[in-house]
Each structure stands twice: as C-alpha cells, then as structure tokens.
> 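Here it is, the structure, as structure tokens.
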Number of protein chains: 2
Amino acid sequence: MEIYKGEKKWLYLQKNSIADLFSFPVEEFIEVHEYQRNDWIIQEGMRPDFLFYVLEGKAKIYITHQNGKVSLINFINANEYIGEMELLHDVYYTKGIQASTKTICFALPIHYYRKQLLEDAKFLRELTKFLSVKASVMAAKYTQSLAFPLENRLAYFILQTADEGIYKEGHVTVCDYLGVSYRHLLHVLAQFCDKGYLQKQGRNYQIKQYHSLHELAEVFKN
Amino acid sequence: MEIYKGEKKWLYLQKNSIADLFSFPVEEFIEVHEYQRNDWIIQEGMRPDFLFYVLEGKAKIYITHQNGKVSLINFINANEYIGEMELLHDVYYTKGIQASTKTICFALPIHYYRKQLLEDAKFLRELTKFLSVKASVMAAKYTQSLAFPLENRLAYFILQTADEGIYKEGHVTVCDYLGVSYRHLLHVLAQFCDKGYLQKQGRNYQIKQYHSLHELAEVFKN
DNA sequence: CTCAAAATATGAGATATCTCATATTATTTG
DNA sequence: CAAATAATATGAGATATCTCATATTTTGAG
C-alpha cells in the first residue's frame with residue numbers, strides 16, 4: 001500500500017472534486033491510498049481507521065463462514081464507499097476487502113471526521129443513495145439465488161463480464177461469488193459448451209449463442 | 001386501510017415524537033395510517049405516494065419472480081421505513097408490502113416533502129443507519145443461504161420465532177422466507193421431529209432439544 | 001352456513017448441487 | 001530457478017432440494 005504525498009496527492013484532490021462529497025473541508029487529514037491487486041484494504045475482523053471512497057479500481061468484499069466457506073459478497077467499483085458500516089455502527093463485524101485491480105481511494109480518518117460527517121447532509125445524502133442501492137442489490141441477489149438455479153445466474157454473470165465475446169473470469173472467484181462449488185460451476189460450464197452456447201478456448205470461453213444466454217438471463221429483468 | 005383524523009391522529013403524533021425523525025415541521029401533511037393483517041400497504045410494481053415510518057405492527061416485503069416464485073425478502077418492524085427507495089430513486093421496481101399484523105404508520109406525502117427530506121441531516125442520518133443495517137442483513141442472508149443448508153437456517157429461524165418453546169409459523173410464509181419448497185420444508189421439519197429436536201402438537205411444534213437447535217444455528221454467529 | 005380457496009400433509013421420482021479423491025498446469029516467492 | 005502454493009480439470013457417489021400428484025383440513029367471503 002502506498003500513501004500519496006505532495007504533488008501526487010494534490011493531483012487526486014483536484015481531479016476528483018471532493019466538494020461533491022462533503023460540505024466541509026477535509027483537506028487537512030484526508031489521505032490518498034493506492035493498493036495493488038490482491039492487497040487487503042481491510043482485513044476481515046479488523047476495524048478500519050478510515051472511511052474510504054474509491055476513485056479508481058475494483059475491489060471485492062469477502063466474508064468467511066464458520067464452516068470455512070468463503071463468500072464473495074460483492075464487488076466494489078469507483079465512486080463507492082468502503083468502511084461506512086464502521087463509521088455508522090460502534091459494533092460491527094468487519095468484512096474483508098481485497099483489491100482486485102490497482103485501486104486508489106480517498107481515506108478519511110474516522111477518528112477526526114466522524115462527528116462532522118454524521119451532520120453533513122450532502123455526505124449523508126450520497127451515502128444514503130449508495131446504501132439504498134447496496135441494500136436493493138443484495139436483496140435481489142438473495143432472492144434470485146434462491147429462486148433460480150446456477151444455470152440462470154451464470155448466464156447472467158457471463159453476459160455481464162464477458163469482454164468482446166470472451167468470458168475469462170477465474171473459476172475460484174466466480175464460485176465464491178455465485179456461491180456454488182467449484183465442481184458444480186465447471187459442470188454447468190461444460191453443459192453450456194455441450195449445448196453450443198460457449199466454446200472453450202484455452203482457459204477462456206467464447207460466447208457462441210448470445211440469444212441462448214440472454215434467454216436464461218432474462219428471468220432477472222426488473 | 002384507515003386514515004386517522006382529529007383526536008386519534010394527534011394522539012399518535014404526540015406519542016411518537018416526530019421531532020426525533022425530522023428537523024422540520026411535518027404536521028401539516030403527515031398522515032397516520034392503519035392497515036389490517038393481510039392488507040397491502042404497497043402493491044408490487046405500483047409506486048407509492050408516501051414515505052412510511054412504522055409505529056406499530058409488522059409487515060412483509062415480497063417480490064414475485066418471472067417464474068412465478070414468490071420471495072419474502074424480509075420482515076419490517078416498528079421504527080423502520082417503507083418506501084424510502086422510491087423517495088431516493090426516480091426509477092425503481094417497487095416491491096409489495098403486506099401487513100402481517102395490524103400496522104400503524106406515519107405516511108409522509110413524498111410529493112410535498114421530498115426536497116426537504118433530502119436536505120435534512122437528522123432524517124438522513126436515521127435513514128442511513130436503517131439502510132446500512134438493511135444492506136448488512138441482506139448480505140448476511142444472501143451468503144448464509146448459499147453457504148448452509150436449510151437445516152441450519154431453519155433451526156435459527158425456529159429459535160428466533162418460537163414463543164415460549166412453541167414454534168407456530170405458517171409453512172407457506174416460511175417457505176417464501178427461507179426460499180425453499182413447501183415439500184422440502186416439511187421434510188426437514190419431519191427430520192427434526194425424528195431426531196427428537198421438536199415434537200409436533202397439532203399444527204405447532206414444541207421445542208424438545210434447544211441445545212441441538214442452537215448447535216445448528218451456531219454457524220451464524222458473528 | 002356454505003362453498004371456494006388456501007393451507008397442511010405425504011409419496012415418489014427427478015435434478016441441482018456438494019464432497020472427496022486425484023492429476024495436471026500456472027503462479028508466486030525465496 | 002526450484003519448491004510451494006493456487007488454479008484448473010475430471011470422475012464417482014452422496015445429499016439437498018425440487019416437481020408433480022393427490023388427499024385432507026382449515027379459513028375466508030358472501
């Protein structure tokens with residue numbers, strides 16, 4: 001992890017107008033952090049000292065269950081918050097956050113700014129919108145995971161993440177994300193190939209029948 | 001649905017200090033609504049005109065999927081908001097909300113108060129806390145539903161809802177809530193009886209071995 | 001009070017998903 | 001660069017869960 005200083009820091013403070021996020025000055029103690037792929041931004045179970053706001057990059061929220069299973073709860077992208085739960089609640093089980101690409105974020109020391117943040121309507125309004133989307137997305141994922149088999153959820157995921165017709169996500173991550181075993185994921189991928197929806201290319205898969213995948217994914221329309 | 005007027009309305013406005021919820025006067029247009037068990041407070045797909053704040057009672061959030069399956073997303077209890085998604089977002093697929101006991105709530109016409117609400121730090125702070133808990137609960141339910149079989153989730157649910165050692169929830173509601181088929185729910189309940197954890201009493205079940213249920217539910221500790 | 005609708009109940013067979021075992025191939029790190 | 005670690009891959013058998021069929025009982029509306 002690198003903390004930007006001087007020139008480099010001011011560059012980010014200017015480029016991303018913090019005036020849209022907070023209505024009080026935060027320049028004094030705000031930091032700009034850079035994390036590399038696979039760095040842990042927050043370790044599971046360890047309360048963070050900062051409220052983060054992601055400027056660039058992509059990260060993953062993980063939780064480990066008592067049976068050892070690991071769930072990838074969701075991805076975090078630019079313009080999203082990290083550590084807001086700890087800002088709002090004194091008692092909270094902290095999830096692990098891992099950068100999945102190089103990730104740059106604002107880091108506000110909670111210690112200094114907590115009180116002001118909780119009285120700032122501009123900040124609260126943004127956070128409220130962020131949280132409402134988060135709650136709504138989680139609710140959708142929850143009910144969909146119970147209502148539809150992997151076939152449908154995987155088709156949707158493939159369409160979402162494929163790049164120029166090529167699906168190339170790592171299986172392990174996808175298992176954690178879709179909440180199924182490695183074995184089963186490979187099984188359904190193999191079915192998709194058998195049916196001609198996909199064609200394997202090394203360790204990637206090329207989409208051959210968009211319409212079939214769309215048909216499977218369609219059940220999530222809302 | 002009944003809208004309280006005069007005396008009855010003022011009673012509720014006094015008893016539940018709205019001054020804790022909003023920092024501007026809402027007396028003029030706020031209403032107090034009473035819904036009976038099974039009344040729909042909001043119909044699925046129909047944008048509501050009000051932001052609700054539940055004072056008494058209990059309600060259920062439902063969504064219907066394209067395959068006809070119905071999910072009971074969660075319960076709503078006193079001191080929670082309903083319709084906040086529609087307040088925050090112009091475009092949103094509205095879930096159905098059904099009272100499961102007599103339910104009394106404040107109803108603020110969004111049309112009149114939207115702008116003020118979104119600038120009121122007190123209101124936003126409360127809503128933020130509510131939404132953060134909601135997001136967090138949904139995330140937990142999501143990952144738990146994928147990581148553990150019904151056995152564990154049902155044990156937890158029974159312990160949560162049993163009243164003086166007697167579990168008496170309707171099966172249909174529980175299926176929608178836990179996201180399993182009616183058949184499977186009955187199957188696992190029968191297993192619990194076979195193992196001596198529960199004993200059937202008419203259509204209720206008496207808890208016979210708390211420790212066994214606790215053991216199953218323990219995996220959700222956090 | 002009556003009838004229709006909803007909820008409860010149970011069986012049998014199908015399918016989705018998991019566990020475990022084992023090999024091979026990448027990737028990371030000292 | 002080598003060894004350790006993580007990711008990919010596949011088979012076989014177990015289990016969790018679903019679908020459908022059907023019967024009985026309870027509940028709600030008129």
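Order of the sequence lines fixes the chain letters, A, B, ..., with proteins taken first and strands second; residue numbering starts at 1 for each chain. When reading the values below, keep in mind they use all heavy atoms of this one structure, side chains included, and skip hydrogens, waters and symmetry mates.
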> Over 60° means perpendicular and under 30° means parallel, so classify the ring planes of A:Tyr177 and A:Phe157, tilted if in between.
tilted
> Could you check how far CG of A:Asn152 sits from P of C:dA16, rounded to whole Å?
10 Å
> Using the ring of each side chain (for Trp, its six-membered ring), is B:Tyr182 parallel, tilted or perpendicular to B:His171, with breaks at 30° and 60°?
perpendicular
> Please work out which of the three classes, parallel, tilted or perpendicular, describes the rings of A:His33 and A:Phe52, given edges at 30° and 60°.
perpendicular
> Determine whether B:Ser136 and A:Met85 make a side-chain contact, defined as any pair of heavy atoms from C-beta on separated by less than 4.5 Å.
yes
> Choose from D:dA9, D:dT19, C:dA9 the nucleotide whose nearest atom is closest to any side-chain atom of B:Lys69.
D:dT19
> Below 30° counts as parallel, above 60° as perpendicular, anything between as tilted: where do the rings of A:Tyr205 and A:Tyr167 land?
tilted
> Select from A:Ser181 and B:His171 the residue whose nearest nucleotide in DNA chain C is closer to the 5' end of that strand.
B:His171
> Calculate the interatomic distance between B:Leu146 atom CG and C:dC18 atom C1'; express it in whole Å.
13 Å
> Whole Å only: how far is the OH atom of B:Tyr182 from the C1' atom of C:dG11?
14 Å
> As a test of reading the structure: which of C:dT10, D:dT8, C:dA7 is closest to the side chain of A:Val172, going by heavy atoms?
D:dT8
> Let me spell it out: for each of A:Asn38 and A:Glu151, pick the nucleotide of DNA chain C with the closest heavy atom. Which residue's pick is nearer the 5' end?
A:Glu151
> Take atom CG of A:Asn67 and atom C1' of C:dT19, then tell me their distance rounded to the nearest Å.
13 Å
> Between D:dA6 atom P and A:Asp176 atom CG, what is the distance in whole Å?
13 Å
> Remember a base hit wins even if backbone is also touched, and classify A:Arg183 as base, sugar-phosphate or nothing at under 4.0 Å, heavy atoms.
base
> Considering only C:dT10, D:dA9, C:dA16, which nucleotide approaches the side chain of A:Tyr205 most closely?
D:dA9
> Tell me the interatomic distance from A:Gln201, atom CD, to D:dA9, atom C1', rounded to whole angstroms.
18 Å
> For the side chain of B:Pro149, counting heavy atoms from C-beta on, which of D:dT17, D:dA7, D:dT19 is nearest?
D:dT17
> Separation of A:His187 atom NE2 from D:dG11 atom P, in whole Å?
10 Å
> Starting from C1' on D:dC20, measure out to CG on B:Leu186 and report it in whole angstrom.
15 Å
